[in-house]
*Asks:* 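Mind having a look at this structure? Questions to follow.
What's counted below: heavy atoms across the whole structure, side chains too, no hydrogens, waters or symmetry copies. Bear in mind the structure is a predicted one, so any value in this text is a computation, not a measurement. Here, residue 1 is the first one in the sequence, and each next residue gets the next number. Counting convention: from 1, in listed order, for ligands and their atoms alike.
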Amino acid sequence: MSTHETVSRRTFITAVGATGVALGLSSLATGCAPQGSDESQALSNTSADDVAWTDEAEVVVVGLGAAGAAAAVAALEEGATVIALEAADQAGGTTALSGGLIYMGGGTSVQQRLGIEDTPENFKAYLTKAVGPSADTELLDIFCTSSPDLCAWCIDHGMTFDGDADETSHIVETPEGISLMYSGNERAADYASIATPAPRGHAPSGGAASIIDSLLQSAGAGLDIRFGTALSELVTDDSGAVVGVKAEGPNGPVAVRAGKGVILATGAFTNNDEIVENCRPEALSCRGRTAGPLDRGDGMIAAQKVGAAVRSTSRMTVGAHVYMYEGLPKGALLNHRGQRMLAEDWYGSFIGRTILENTLSGCFVIIDQTMYDEAMGCPYAAGLTNITSADSIEALAEKSGLNADRTAESIARYNEFCRTGVDEDFGKSPEYLIPIEQGPFYAVSVLPQDFSAFFTLGGLKIDGSARVINLDGEPINGLYAAGRCSCGIFGEYAGSGSSIADGLTFGRIAGQTAATR
Ligand SMILES: Cc1cc2nc3c(=O)[nH]c(=O)nc-3n(C[C@H](O)[C@H](O)[C@H](O)COP(=O)(O)OP(=O)(O)OC[C@H]3O[C@@H](n4cnc5c(N)ncnc54)[C@H](O)[C@@H]3O)c2cc1C
């Protein structure tokens, strides 16, 4: 495919293609450095005077996952000319590998049609707790208040959500015919006490592929896409404003001038070992990392070289989806000290984070025979590989390297909660409070090496207009970012669907802002 070909949309869909494109970027060892470090500020970039431009558009979008596709469509609809650079040989990125859920609430048309009550305030109350105190409240506010409009925008741009609501199960896979489901901790007691639970995981018909397909169909022939073309660096003028990009295309280097702005949407840095090691070293002990091959942080690194600030780079989703294995959420999850530390029916990335941050060695879900049989009968049972059994809780603890007395105490206390129906320690839902008393008993290992790290949440610091912020707290002229190359609303991960929703929200804003600059 020619680097200059304007592509028909139908060819883009689905899985990420690893292109083998050699990128000119190396990771910044300062990925987690304190803001304002001398090392970050000393990094050089190319000045506009030294560049022989090969192409020009008003807006240049880098990366075509959910965030980049939304940015490109929004910029085109504001009347800008747009060139999109995509390193892979098709659009989609990690978005195309995902479950395709979009977390929207506050009274979307889909929620209304299905009789679900929600308001932007209720939505924000849940999210504020879920993403935690380090989240950007300005972005969170925009995200929540604009969510019903985002849903309408998705529908206007070809996505359909015409199935039913599933108000009972936990998210693992989207069941057939379901358009709306719970996908986080909405029903957990700690959360339900501050926000009325409402399902917000919107599943478009056709799944993740339909998100990219719908948006690129909406963009139409006006979107000039250069596949196999990887950003290598940003170009600035004398004032420090970003005025274009340099990239490696299939036929050699290109330099694209951006009359109005460059929007970075290159995704997470999950597969960049150097930055992950600096920012979230515990994640390296996970069984694997599930992410697109080009999740290397290219956009974040390039922007740091022109002085961009980053935030929350130590945040990463780790998928300890205990509830995937029927029976397991009825057990008691104990840390290496033999103590419970969470509600076992929590959303997987909440559990993963808690384990990653608190558990150095053995960490197990303790279950009895009935729960074990249930877990072994579930479709994902093959994923449970490290299981010990014994006839008594004390013997099981000893075999598993846990303190026998403390383990027995923890299980006795837990069983008492099961009998009263109230988990006084962590507020686990009553439906999962089943006493662990019919031996033999089993200890199912849930250490980081037993599950996968998914995607990094931190990245470029942006403001409510999706402008990238520099180390002095000022916007960098001409530079925008959205999706997982930015930090967006995170903090911690709020639940399935919130990454794509964040990318769509701020991608759309980036496109509109850059085009109307
Ligand atoms: C198994 C799995 C399931 C998931 N399920 C969900 C879910 O249901 N809902 C949800 O919200 N989130 C989910 N996520 C997370 C979510 O998919 C991603 O966080 C989100 O899609 C990222 O979107 P993005 O647009 O920022 O990046 P991406 O979709 O990764 O797009 C980035 C694009 O940039 C391109 N690129 C990278 N470097 C360069 C470069 N140098 N030059 C040019 N182009 C470049 C890439 O090729 C890619 O096409 C899931 C993740 C995984 C791994």
*Asks:* What pair of heavy atoms forms the shortest contact from R315 to G491, and how long is it?
*Replies:* CG-O, 3.4 Å
*Asks:* Measure centre to centre between the rings of Y103 and F123, then say whether the value is under 6.0 Å.
*Replies:*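 Between F123 and Y103, which both carry aromatic rings, the centre distance is below 6.0 Å.
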*Asks:* L101 to ligand 1: N or O pair under 3.5 Å?
*Replies:* yes
*Asks:* Report yes or no: does G292 have a heavy atom closer than 4.0 Å to ligand 1?
*Replies:* no
*Asks:* Counting from 1, what ligand 1 atoms have a heavy atom of L85 closer than 4.0 Å?
*Replies:* 43 (C), 44 (N)
*Asks:* Answer yes or no: are there more than 12 heavy-atom neighbours, outside E277 itself, under 6.0 Å from its atom CD?
*Replies:* no
*Asks:* Verify, without hydrogens or angle tests, whether R517 (side chain) and N477 (backbone) share a donor-acceptor contact under 3.5 angstrom.
*Replies:* no
*Asks:* Where on S498 is there a heavy atom closer than 4.0 Å to ligand 1, on the side chain, on the backbone, on both, or on neither?
*Replies:* backbone
*Asks:* Using heavy atoms and a threshold below 4.0 Å, how should the contact between F227 and ligand 1 be classified: side chain, backbone, both, or neither?
*Replies:*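 Neither; nothing of F227 gets under 4.0 Å from ligand 1.
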*Asks:* Considering only heavy atoms, which of G495, A501, G267 lies nearest to atom 27 (O) of ligand 1?
*Replies:*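 Looking at heavy atoms only, the winner is G267.
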*Asks:* Heavy atom to atom 53 (C) of ligand 1, shortest distance: which of T290, T270, D89, T174 holds it?
*Replies:*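 Comparing heavy atoms across T290, T270, D89, T174, the nearest one to atom 53 (C) of ligand 1 lies in T290.
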*Asks:* Give the minimum heavy-atom separation between A198 and Q111, together with the two atoms involved.
*Replies:* CB-NE2, 4.3 Å
*Asks:* I need the atoms of ligand 1 closer than 4.0 Å to a non-hydrogen atom of G483, numbered in the order shown.
*Replies:* 26 (O)
*Asks:* Which residue from T266, T229, T94 reaches closest to atom 28 (P) of ligand 1 through any of its heavy atoms?
*Replies:* T94
*Asks:* Take every heavy atom of F269, measure it against each atom of ligand 1, and state whether any distance is under 4.0 Å.
*Replies:*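 In this structure, F269 fails to qualify as a contact of ligand 1 - no heavy atom is under 4.0 Å.
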*Asks:* Have a look at ligand 1 and work out which part of I102, if any, has a heavy atom under 4.0 Å from it: side chain, backbone, both or neither.
*Replies:*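 No part of I102 comes within reach of ligand 1.
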*Asks:* Counting from 1, what ligand 1 atoms have a heavy atom of L294 closer than 4.0 Å?
*Replies:*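 In order of numbering, the contacting atoms are 37 (C), 38 (N), 47 (O).
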*Asks:* Under 4.0 Å between a Lys/Arg side-chain N and an Asp/Glu carboxylate O for E186 and K129?
*Replies:* no
*Asks:* Just heavy atoms, cut-off under 4.0 Å: does A265 contact ligand 1 by side chain, backbone, both, or neither?
*Replies:* backbone
*Asks:* Taking only heavy atoms of R484, which atoms of ligand 1 are found under 4.0 Å from at least one of them?
*Replies:* 19 (O), 22 (C), 26 (O)
*Asks:* For ligand 1, find out whether one of its N or O atoms is nearer than 3.5 Å to an N or O atom of A291.
*Replies:* no
*Asks:* Who's closest to atom 38 (N) of ligand 1 heavy-atom-wise, of D298, T456, I212, D502?
*Replies:* D298
*Asks:* Counting only N and O atoms by type, is there a donor-acceptor contact under 3.5 Å from the side chain of Y126 to the main-chain atoms of N185?
*Replies:*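 Here the side-chain-to-backbone pair exists.
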*Asks:* Looking at F455, is R484 sitting on its ring face, NZ or CZ under 6.0 Å from the six-membered ring centre and within 45 degrees of the normal?
*Replies:*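 Judged by the rule, R484 and F455 form no cation-pi pair.
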*Asks:* Under 4.0 Å from any heavy atom of G497, which atoms of ligand 1 are there?
*Replies:* 9 (N), 10 (C), 11 (O)
*Asks:* Are R353 and F350 in a cation-pi contact, defined as NZ or CZ under 6.0 Å from the six-membered ring centre and within 45° of the axis?
*Replies:*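 Yes, R353 and F350 form such a contact.
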*Asks:* Is D55 salt-bridged to R226, cutoff N-O under 4.0 Å?
*Replies:* yes
*Asks:* Give a yes/no verdict on whether any heavy atom in A66 is under 4.0 Å from an atom of ligand 1.
*Replies:*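 Flag set, A66 near ligand 1.
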*Asks:* Against heavy atoms of G92, which atoms of ligand 1 measure under 4.0 Å?
*Replies:* 29 (O)
*Asks:* Could you check whether any side-chain heavy atom of V59 comes within less than 4.5 Å of a side-chain heavy atom of E78, counting everything from C-beta outward?
*Replies:*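 Side-chain contact under 4.5 Å: no.
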*Asks:* Using atom types as modelled and distance alone, determine if a side-chain donor or acceptor of K246 lies under 3.5 Å from a backbone N or O of S232.
*Replies:*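 The answer is no, because no donor-acceptor pair under 3.5 Å joins these two groups.
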*Asks:* Assess A268 for proximity to ligand 1: is some non-hydrogen atom of it under 4.0 Å away?
*Replies:* no
*Asks:* Is there a polar contact between ligand 1 and G100, counting only N or O atoms under 3.5 Å apart?
*Replies:* yes
